[in-house]
> 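This is the structure I want to talk about, given as structure tokens.
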Amino acid sequence: MASEQRRTTGTQQTVHGITVRAPATTVYGIVADSAAWPQRFATHVHVEPLERGAGAELIRIWATAGGEVTCWTSRREPDPRGLRVAFQQEVTQPPVAAMEGMWRVLPGVGGTCRLELRHAFRAVGDDPRQVQWLIDAVDDTSESMLASVKMFAERDGALSEVEFSFADTVRVNGDGAAVYDFLRQADLWERRLPHVSRLDLREDSPGVQLVTMDARMTDGSVHTTESVRICFAPDRIVFKQTAAPALLAAHTGSWTISPVGGGAPSGGPYGGTAGEASPAAHGAAAADPAGVVDVTCRHTVMVNAEAVERVLGPGTTTADARAYVRGALSAACTDTLRHARAYAEGRRVAECRRALEGLPGLGRQRGPEQVRAPELTRAPELTRAPELARAPEARPAHRRRRG
């Protein structure tokens, strides 16, 4: 992998490149498919499409850097005939004052090609320390992304064997806003969910959560995962595991809440904005006239083929790992969905009871037939997630900031 830099007092320019043993069109396809980047690049958490038109797209990107989550908005101009994608950040985050560049694929001979990634950027205030920090960050990120593109392009034919998606859905006779509150308030899961033995949550900016969770297994063992969650009030939360179990090479997903009966999600065509919802936005979910919602947990995972026999035992296959992973993740998310349903439906019953108590002549009735809100219990019959195996390289847990 090669890189070049031309440093000036203002705009910094870098060029990084790598040779890939794959067709140029395959390499271009990975670069152009920004929606799949969280599964392809370790630093990318989520890519949110904002606008799509002929020859251009506007996307918002969340990514990790130095243990923190950063966010920016970029306009990209894919050119499939020229095998290049130009980009420019329209909304930056300090210390970036401006950033633009281009991906370019140069066809070679013998089924190979050359992939280049160019950047031109400025630091806020032209501070020398910030300039150097940006140069180092661009170097590290560029080299990591180029290596990932190379790996995925060169194993393109085998990718379908290890990567797959699935979803589980539960119908709730309750308020979508209550379901969203349950899912968003992950810091309360330790006492709400039976399989969660410890959970630490950091939320340095509204709607962006860093979560470290210990999950208790049926055999009594505990495994730990670390995730970043982006909350789009009032009906969607996306997540990526940044420290995945050893059996997984990548794991992303989402929780979505959809009104039953054809109602549109209240967050617009792509959901809401990460962070706290406005009262009007939150009220849109609460005002669903049908009062019934479907809550879905979706997963996209990539099996770590090299770890299959080490984790599951000699003679096991990728197909065995796919079935095992799906069963484990479905059990865990279904447990969470059932408790979210009990919470939302219990809240609705309690609200109805309060409304009845407010009616003339009914306020003091305490008959045995009075409706009571169900208690949210740690039901022993709920399925718990089996062990997936702790990744040895997982980072230390973040502690939740209190106060």
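Heads up: numbering here begins at 1 and tracks the sequence. Excluded from the calculations below are hydrogen atoms, water molecules and symmetry mates; all remaining heavy atoms, backbone and side chain alike, are included.
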> So which atom in A153 and which in A22 form the shortest heavy-atom distance, rounded to 0.1 Å?
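Heavy atoms only, the tightest pair is O-CB, 3.7 Å.
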> For E163 and R40, what are the C-alpha separation, side-chain angles and deciding distance, and is it a salt bridge (charged side-chain N to carboxylate O under 4.0 Å, His left out)?
CA-CA 11 Å; E163 187 174 47; R40 302 289 176 262; 2.9 Å; yes
> Which of these, V45, V47, T73, sits in a side chain to side chain contact (heavy atoms under 4.5 Å, CB included) with I61?
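In the set V45, V47, T73, the residue that makes a side chain to side chain contact (heavy atoms under 4.5 Å, CB included) with I61 is V47.
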> Evaluate the side-chain contact (heavy atoms from CB on, under 4.5 Å) criterion for residues I230 and I237: first the C-alpha distance (whole Å), next the side-chain angles of each, then the deciding distance (0.1 Å), finally the verdict.
CA-CA 6 Å; I230 313 297; I237 297 172; over 6 Å; no
> State, with a plain yes or no, whether a side-chain heavy atom of L134 is found less than 4.5 Å away from one of V96.
yes
> So, does Y28 use its side chain to make a donor-acceptor pair with the main chain of D79 at under 3.5 Å?
yes
> Tell me whether K150 contacts the main-chain N or O of T19 through its side chain, where contact means a donor paired with an acceptor under 3.5 Å.
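Yes: the side chain of K150 pairs with the backbone of T19.
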> Within 45° of the axis and under 6.0 Å from the centre of the six-membered ring of F164, does NZ or CZ of R326 qualify?
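No, cation not above the ring by the 6.0 Å, 45° rule.
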> Looking at E345 and R171, is any side-chain nitrogen of the basic one under 4.0 Å from a carboxylate oxygen of the acidic one?
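No salt bridge links R171 with E345.
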> Test E48 against R236 for salt bridge (charged side-chain N to carboxylate O under 4.0 Å, His left out), laying out the working first.
CA-CA 12 Å; E48 183 80 359; R236 184 166 57 108; 2.6 Å; yes
> Taking all non-hydrogen atoms of both residues, which atom of A42 and which atom of T64 are closest, and how far apart?
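In terms of heavy atoms, the two residues are closest at O-OG1, 4.4 Å.
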> Answer yes or no: is there a donor N or O on one side and an acceptor on the other, between the side chain of R348 and the main chain of G291, under 3.5 Å?
yes
> Does D204 pair with R202 as a salt bridge, N-O distance under 4.0 Å?
yes
> Can you confirm whether R104 is buried at CZ, in the sense that more than 12 heavy atoms of other residues, nucleotides or ligands lie under 6.0 Å from that atom?
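No - once you tally the heavy atoms of other residues, nucleotides and ligands closer than 6.0 Å, there are 12 at most.
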> Please round to the nearest 0.5 Å and tell me the distance separating atom NE2 of H299 and atom CG of L248.
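That separation rounds to 10.5 Å.
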> Indicate whether the side chain of D168 and that of S330 have a donor and an acceptor atom separated by less than 3.5 Å.
yes
> Mind listing the closest non-hydrogen atom pair of W189 and L183 along with its distance?
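It is CZ2-O, 3.5 Å.
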> Does D320 come within less than 4.0 Å of R322, counting only side-chain N to carboxylate O?
no
> Could you check whether any side-chain heavy atom of T43 comes within less than 4.5 Å of a side-chain heavy atom of W62, counting everything from C-beta outward?
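Answer no - side chains too far apart.
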> Between R298 and S165, does any side-chain donor sit less than 3.5 Å from a side-chain acceptor?
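Absent: no donor and acceptor within the cut-off.
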> Going by side chain to side chain contact (heavy atoms under 4.5 Å, CB included), name the residues that satisfy it together with E309, two or more places apart in sequence or in a different chain.
P314, T316
> We want to know whether S74 and Q89 form a side-chain donor-acceptor pair, criterion being a heavy-atom distance below 3.5 angstrom.
no
> Mind checking side-chain hydrogen bond (donor to acceptor under 3.5 Å, both in side chains) for E116 and listing every partner two or more places apart, or none if nothing turns up?
R118
> Can you tell me how far apart OG1 (T256) and CZ (F232) are? Round to the nearest 0.5 Å.
12.5 Å
> Atom OG1 of T252 and atom NE2 of H44: how far apart are they, to the nearest 0.5 Å?
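One finds 13.5 Å between OG1 of T252 and NE2 of H44.
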> Going by the ring pair (Phe, Tyr, Trp, His ring centres under 6.0 Å) test, which pairs reach into residues 115-141, not counting sequence neighbours?
F87-H119
> Where do A344 and V172 come nearest, in terms of heavy atoms and distance?
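So the two residues come closest at CB-CG1, 3.9 Å.
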> I'd like to check R75 versus E51 (side-chain heavy atoms, cut-off strictly below 4.5 Å). Are they in contact?
yes
> Judged by modelled atom types alone, do D214 and T224 share a side-chain donor-acceptor pair under 3.5 Å?
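Yes, because at least one side-chain N or O of D214 sits under 3.5 Å from a partner of the opposite role on T224.
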> Establish, yes or no, whether the cationic atom of R114 lies under 6.0 Å from the six-membered ring centre of W103 and within 45° of the ring axis.
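No cation-pi geometry.
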> Evaluate the side-chain proximity of L58 to E90: yes if any heavy-atom separation is below 4.5 Å, no if none is.
yes
> Between L312 and L247, is a side-chain contact (heavy atoms from CB on, under 4.5 Å) present by the stated rule, with each step listed?
CA-CA 9 Å; L312 299 182; L247 196 55; 4.3 Å; yes
> Step by step, would you call R184 with E203 a salt bridge (charged side-chain N to carboxylate O under 4.0 Å, His left out)?
CA-CA 11 Å; R184 191 191 191 287; E203 188 166 346; 2.8 Å; yes
> Kindly state whether the ring of F239 and the ring of H251 have centres lying under 6.0 angstrom apart.
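When the ring centroids of F239 and H251 are compared, they turn out to be within the sub-6.0 Å range.
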> Kindly compute the distance separating SG (C231) from OH (Y180), expressed to the nearest 0.5 Å.
4.5 Å
> First locate atom CZ of R338, then atom CG of D335, and finally report the distance between them rounded to the nearest 0.5 Å.
7.5 Å
> How far apart are the closest heavy atoms of Q93 and V69, and which atoms are they?
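Smallest heavy-atom distance, with atoms named: NE2-O, 4.3 Å.
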